[in-house]
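Let me begin by presenting the structure, written as structure tokens, before commenting on it.
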Amino acid sequence: MVKYDHGAVEAKWRKVWEERGTDRLDLDKAPKPFYNLMMFPYPSAEGLHVGNVFAFVGSDIQGRFHRLLGYDVFEPMGFDAFGMHSENFALKTGRHPAAMVPQNIRNFRENQLKKVGLMLDWSRELDTTSPEYYHWTQWMFVTLYKNGFAYRKKAPVNWCPGCQTVLAAEQVIDGECERCSAVVVKKDLEQWYFRTTAFAQELLDCLDHIDWSERTKTAQRNWIGRSQGAEVTFKIDGGPDFKIFTTRPDTLFGVTYMVFSPEHPLLDLIAAPECRRALAEYRESAARLSEVDRQAEGREKTGVFTGAYALNPVNQEKIPVWAADYVLMGYGTGAIMAVPGHDQRDFDFAAEFNLPVRQVVAPGGKVFDRLDEAYSGEGLLVNSAGFNGLPAREEGGAAIVRRLAEQGLAEPRVNYRLRDWCVSRQRYWGPPIPIIYCEKCGAVPVPEKDLPVLLPYLDDYRPDGSGFSPLRRDESFYRAVCPECGGPATRETDVSDNFLCSAWYFYRYPSTDFSDRPFDPARTKKWLPVDLYVGGHENAVLHLLYSRWLCKALRRCGCLDFDEPYKKFVAHGMIVRDGAKMSKSRGNVLNPDEYIQEFGADAFRMYLMFMGAYLEGGDFREGGVKAMKSFLDRLWTAVLPDESGAEALADGEPEDAETRYWLHSTIKNVTHDLERFSYNTAVARLMELINHLTRHRVRNRVVSEAVVRLLAPLAPHVAEEMWEILGHRETVFAGGWPVHDEEAARRSTVEYVIQVNGKVRARLELAVGLDESEIEPRVMDNPAVAKWLEGKSIVKKIYVPDKLLNLVVR
RNA sequence: GCCCGGAUGGUGGAAUUGGUAGACACAAGGGACUUAAAAUCCCUCAACCGCAAGGUUGUGCCGGUUCAAGUCCGGCUCCGGGUACCA
């Protein structure tokens, strides 16, 4: 039976909250600030996805819970509306992003987000595409540039020949364009970069002191990819010196050839005349190869001999130098020493070209007759002259490096996989990079007083394959005056990567009322760093790493006085439907609006949280939301005075111990569950309590008021309604979080498990706090136990107070 | 290949430090109410043997530690995610 009309109740409270300003906060008063941040969405035309709702509700529960705990919770929302997602969708549907985005935002805000019942402070909404916002995105760029954190260089970028445009790395899926599936190739273009590598070590070190899940930290550590080794100087026989990076200096005596990346500039200098032609052909074909082909799984190694020889610094051995595309120009020095005996890639290459393999690490001193694959394990050095017998990786490597270092030929070295952040995008829908090029003065940042550089409205904003942004076609935008000398100049026409917009948005929320600065120092001091950040694991690397980096850079620029932007980050899980990932192609994407309409936001929120563990994700099943509405109806009946007035609520603490136990243990458990994001069990606890109340027809005001407040973070609308019916004028969120009585939360009796040889043979209901001597006689008397002891002798007794007694017999 | 997760009834999922496996639900079956249906309420519900009492097995597989293992250790299998000639 439907007990309350969710449509009417939810509409009523949406209106009341809005009118009373329940969720608006005076940021300067707020004595106990708690900044509760959720990852802002990009406002797609399809509308809010159920995954977004799942993420937001889990975060909102924390916000509401903390508010009940007495914190002044700031919970803002905004829209990440620049970038490829919006632009691609606009291109596909033939609409202009400048017209589409505001519509989508309105739809998100008015028709969807406001109906979910999130306690968002809409007075501080932000939109990254508004000039008031991207003014400061551009200011970030200028500030970084002035402090040496931004630079420009020519480098290969991902080029999609199908769409005739440059793609972001994240748009390249397995080497193909995510839009047209054309094979992406490399193209050299002038790009702007941020020096993310400047803080590689710091980004790594700070992970040790922030409250993030190990999983997310590990993803970041892997991305940064620190490897420790040595830089060793080799010499071309009759030619120049060159450097290589290795993590295995202990295997230097096992080097049987060298490999240069095909792009390595030194190749021109060292190649023997008779090899030049073949080398040139190889380099050309390597350059033509797409990323997919070059990285294809199980691809045979290719390469060509340069005709040059190098001298191994440890023994002056003369070894051939090859060029091969399995060595990358972008990592280390672009050249390697090849140790086929102990590196599988080198082994494969050596096998292909009949190069010698030499063992220099022997496990337990054992020298192999022949190697079928590279040996990469531990062992003692062999075939290594004066270093034989040393444990390879530790002492061996260190000793060899020390010897070479004395001659200035090696030094310990750390390398990172992390690259500088390429922020240029040859696209339209983004904040123009605020730089002016003057023939006389070079690259000049746009003066702060001239910011923002407005994105002009272009009717035709399609990329044209020229390698330049469509903005280049707008002469009035492109032509500029040099801010330094007043001479003729041109504007940078690339826009910045969308990840820059989202790297700093949380600094803006508390300061949206300041138009003369990106963030106000006093507000920032009070509200940042963010207390709790909830978001998807798919952002574990890019967004979180970029924003961590920006925080460190801004600190060096004197704009911030802290090192990490988020005190705590929690990654929620992913929802699937009937065990399968939701996708448009499967046709199993579900629309949150329909469920909210039919069963209410409260029931929908509760079911999403009940489905599975919030941090793991869950499986959405048809019928679940409906069942949750039935539960809310049962709860309504159980805690409110009935309409006839026949069964009033008793006042005071409930008298029977059983009800007191259920009340206090539920408060205790729900509190603990919310603290650890275990929402599914929190809902289950509430169900147990309601089951008890219903079965025993308990009607008590103290219990009801506790239940309503425990429910409030999960189902805020109906909780407000019930709170009002219970006679309160103020919002339930001013009602305070219920506190449990530890004594009452414990039962007076407990079920003891009696085991014989580890098998459960009896269960006894006994008073808590008994010691072994008190329970033992009762156990021995028990026929179910006695039968297993017959003819045996007890050799050991294990007693766990209030839990179990295990008798070991023989 | 490497790194990180995960595997528990018909299903989604519970299980603080090793101490009652399957909480809470969904589905299913049975019953009550009803002319009937819906709604609601009550009961059953891991498998096997047994009339029952009770017993045996059981948390992906194999082995180990322990009085006691879903939980700890070693070796696998499968699934999901990330990443990749990173030297």
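Just the heavy atoms: all of them, side chains too, but no hydrogens, waters or symmetry mates, feed the values below. Here the structure is a predicted model, which means the values were calculated and not measured. Convention: sequence-line order gives letters A, B, ...; per-chain numbering from 1.
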When the [atom1] atoms of [M] and [N] are compared, how many Å lie between them, rounded to an integer?
{"N": "B:rC73", "M": "B:rG19", "atom1": "P", "result": "15 Å"}
{"N": "B:rA25", "M": "B:rC42", "atom1": "P", "result": "11 Å"}
{"N": "B:rA68", "M": "B:rC79", "atom1": "C1'", "result": "31 Å"}
{"N": "B:rG58", "M": "B:rC3", "atom1": "P", "result": "32 Å"}
{"N": "B:rU17", "M": "B:rC51", "atom1": "P", "result": "44 Å"}
{"N": "B:rC26", "M": "B:rC76", "atom1": "C1'", "result": "35 Å"}
{"N": "B:rU66", "M": "B:rG54", "atom1": "C1'", "result": "29 Å"}
{"N": "B:rC49", "M": "B:rC4", "atom1": "C1'", "result": "44 Å"}

Touch check for [X], heavy atoms < 4.0 angstrom, all strands: base, sugar-phosphate only, or nothing?
{"X": "A:Glu214", "answer": "nothing"}
{"X": "A:Asp346", "answer": "nothing"}
{"X": "A:Asp619", "answer": "sugar-phosphate"}
{"X": "A:Tyr752", "answer": "nothing"}
{"X": "A:His672", "answer": "base"}
{"X": "A:Arg621", "answer": "sugar-phosphate"}
{"X": "A:Ala540", "answer": "nothing"}
{"X": "A:Ala627", "answer": "sugar-phosphate"}
{"X": "A:Arg226", "answer": "nothing"}
{"X": "A:Arg761", "answer": "sugar-phosphate"}
{"X": "A:Gln755", "answer": "base"}

Under 3.5 Å on both distances, the Watson-Crick or G-U partner of [N]:
{"N": "B:rG1", "result": "B:rU83"}
{"N": "B:rG70", "result": "none"}
{"N": "B:rU44", "result": "B:rA28"}

So, is [X] close to the [N] phosphate, meaning a side-chain N or O under 4.0 Å from OP1 or OP2?
{"X": "A:Asn669", "N": "B:rU16", "result": "no"}
{"X": "A:Ser630", "N": "B:rU40", "result": "yes"}
{"X": "A:Asn680", "N": "B:rA14", "result": "yes"}
{"X": "A:Arg221", "N": "B:rC4", "result": "no"}
{"X": "A:Trp788", "N": "B:rG55", "result": "yes"}
{"X": "A:Arg634", "N": "B:rC24", "result": "no"}
{"X": "A:Lys759", "N": "B:rG54", "result": "no"}
{"X": "A:Lys803", "N": "B:rG19", "result": "no"}
{"X": "A:Ser227", "N": "B:rA87", "result": "yes"}

What is the glycosidic conformation of B:rG9: syn, defined as within 90° of 0, or anti? syn
Consider the side chain of [X], meaning its heavy atoms from C-beta on, and name the nucleotide among [options] that approaches it most closely.
{"X": "A:Arg215", "options": "B:rG55, B:rG5, B:rC67", "value": "B:rG5"}
{"X": "A:Tyr326", "options": "B:rC85, B:rC4, B:rA15", "value": "B:rC85"}
{"X": "A:Val808", "options": "B:rC26, B:rA87, B:rC67", "value": "B:rC67"}
{"X": "A:Met687", "options": "B:rG5, B:rC24, B:rA87", "value": "B:rC24"}
{"X": "A:Asn691", "options": "B:rA25, B:rG19, B:rA87", "value": "B:rA25"}
{"X": "A:Val327", "options": "B:rA25, B:rG55, B:rA87", "value": "B:rA87"}
{"X": "A:Val800", "options": "B:rC26, B:rC3, B:rG19", "value": "B:rG19"}

Whole angstroms only, please: what is the CG-C1' distance between A:Leu686 and B:rA14? 16 Å
Return the value, rounded to whole Å, for the distance between atom CE of A:Met574 and atom P of B:rG6. 15 Å
Inspect the contact between [Y] and [X] and indicate whether a charged nitrogen and a carboxylate oxygen are less than 4.0 angstrom apart.
{"X": "A:Asp208", "Y": "A:Arg221", "answer": "yes"}
{"X": "A:Arg283", "Y": "A:Glu263", "answer": "no"}
{"X": "A:Lys626", "Y": "A:Glu598", "answer": "no"}

Indicate, yes or no, whether a donor-acceptor pair under 3.5 Å links the base of B:rC67 to the side chain of A:Lys797. no
Residue pairs, two or more places apart or on separate chains, that pass salt bridge (Lys or Arg N to Asp or Glu O under 4.0 Å) and touch residues 670-699 of chain A: A:Glu647-A:Arg697, A:Asp673-A:Arg676, A:Asp673-A:Arg685
Taking the ring centre of each residue, are A:Trp322 and A:Phe349 less than 6.0 Å apart? yes
Before you tell me yes or no, could you show the steps for A:Asp420 and A:Thr197 under side-chain hydrogen bond (donor to acceptor under 3.5 Å, both in side chains), namely the whole-Å CA-CA distance, both residues' side-chain angles and the distance that decides it to 0.1 Å? CA-CA 6 Å; A:Asp420 279 343; A:Thr197 53; 2.7 Å; yes
Can A:Asn691 and A:Arg634 be counted as having a side-chain donor-acceptor contact under 3.5 angstrom? yes
Check whether A:Tyr326 forms a cation-pi arrangement with A:Lys301 (NZ or CZ under 6.0 Å from the six-membered ring centre, at most 45° off the ring normal). yes
Under the 3.5 angstrom rule, does the side chain of A:Tyr257 hit a backbone N or O of A:Asp346 as a donor-acceptor pair? yes
